[in-house]
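Predicted model, so just to flag it, every value in this text is computed and none were measured.
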Amino acid sequence: NVDTERVYLFGHSNGGFMVYRMACDHADIIAAVASLAGATFVDPADCIPSAPVHTLQVHGTLDSLALYEGGVEIGGYPAVYPGAVETTEIWAAYNQCSAVADLSRLSIDLDDHVSGCETTIASYTDGCDAGGSAELWTIVGGGHIPDLSAEFVPRVLDFFLSGGRGGVVPLPR
């Protein structure tokens, strides 16, 4: 029994690239994706999602493998990919969201290796098509494999359940 309005994907690194590919190819059945240290297609024309997708990009600014700013190789192999900000902006555009990010949310603590609340949030939620949005969680000082805090999984689940075609479903506390 699968609720086809609530199919969510999470991927890290190559898996993060994969969730965007799945969102491009199967937006009709995917409500939301979260990518940790991945990226979307460099050319927005390579992806034409058939429906809005609630998207989350999580990326460390010191990622030395999948660069925060984007790049032309990964691990010595050719791979042109956009940076974290551009990835989020591309999905905001696919979802018809305003091009202006809301930066008013407080920073959160996602990486136990970096002191304090190191993660900033940029949300693209204004004007989006129903079921779509784009959000970027930037782990300032975080690397490719962050030491994820106990907050990480509940926050990603909250993100998944807060939007998408399935609507808001509060998590039990």
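The distance from the CD1 atom of Ile90 to the CZ atom of Phe41 is 10.5 Å, given to the nearest 0.5 Å. With values rounded to the nearest 0.5 angstrom, Thr61 atom OG1 is found 9.0 Å from Ile139 atom CD1. To the nearest 0.5 Å, atom SG of residue Cys97 and atom CG of residue Asp129 are 7.5 Å apart. The OG atom of Ser35 sits 12.5 Å away from atom CH2 of Trp137, with the distance rounded to the nearest 0.5 Å. Of the inter-residue distances, the one linking Leu56 atom CG with Asp158 atom CG reads 11.5 Å to the nearest 0.5 angstrom. Taken from CD1 in Ile121 to CD in Glu135, the straight-line distance is 6.0 Å, to the nearest 0.5 Å.
Annotation for Leu103: atom CG counts as buried by contact number, over 12 foreign heavy atoms lying within 6.0 Å. Atom NE2 of His113 is surrounded by 12 or fewer heavy atoms from other residues, nucleotides or ligands within 6.0 Å. For Asn14, the CG atom sits in a loose shell: 12 or fewer heavy atoms of surrounding residues, nucleotides or ligands are nearer than 6.0 Å.
Contact of the Pro146 side chain with the Leu36 side chain is registered, since non-hydrogen atoms from C-beta on lie closer than 4.5 Å. A 4.5 Å side-chain heavy-atom check between Ser13 and His144 finds at least one atom pair inside the cut-off. Within the 4.5 Å cutoff, the side chain of Pro44 has no heavy atoms near those of the Trp91 side chain. Considering only heavy atoms from C-beta on, Ser162 comes within 4.5 Å of His54 through its side chain. For the pair Arg155 and Ile108, the minimum side-chain heavy-atom distance is below 4.5 Å. No side-chain heavy atom of Pro52 sits less than 4.5 Å from a side-chain heavy atom of Gln96.
In terms of modelled atom types and a separation under 3.5 Å, the side chain of Ser149 and the main chain of Glu151 share a donor-acceptor contact.
Linking ILVMFWY side-chain heavy atoms closer than 4.5 Å, directly or via other members, places Met22 and Val7 in a single hydrophobic cluster. Side-chain heavy atoms closer than 4.5 Å link hydrophobic residues (I, L, V, M, F, W, Y) into clusters, and following such links, even through other members, never connects Val33 to Tyr124. Clustering ILVMFWY residues whenever any of their side-chain heavy atoms sit less than 4.5 angstrom apart, transitively, puts Phe152 in a cluster other than the one holding Ile145. Phe10 and Val58 end up in the same hydrophobic cluster when Ile, Leu, Val, Met, Phe, Trp and Tyr side chains are linked at under 4.5 Å. No single ILVMFWY cluster, assembled from side-chain heavy atoms under 4.5 Å apart, contains both Val42 and Tyr81.
Here the closest non-hydrogen pair linking Leu65 and Gly75 is CD1-N, 3.6 Å.
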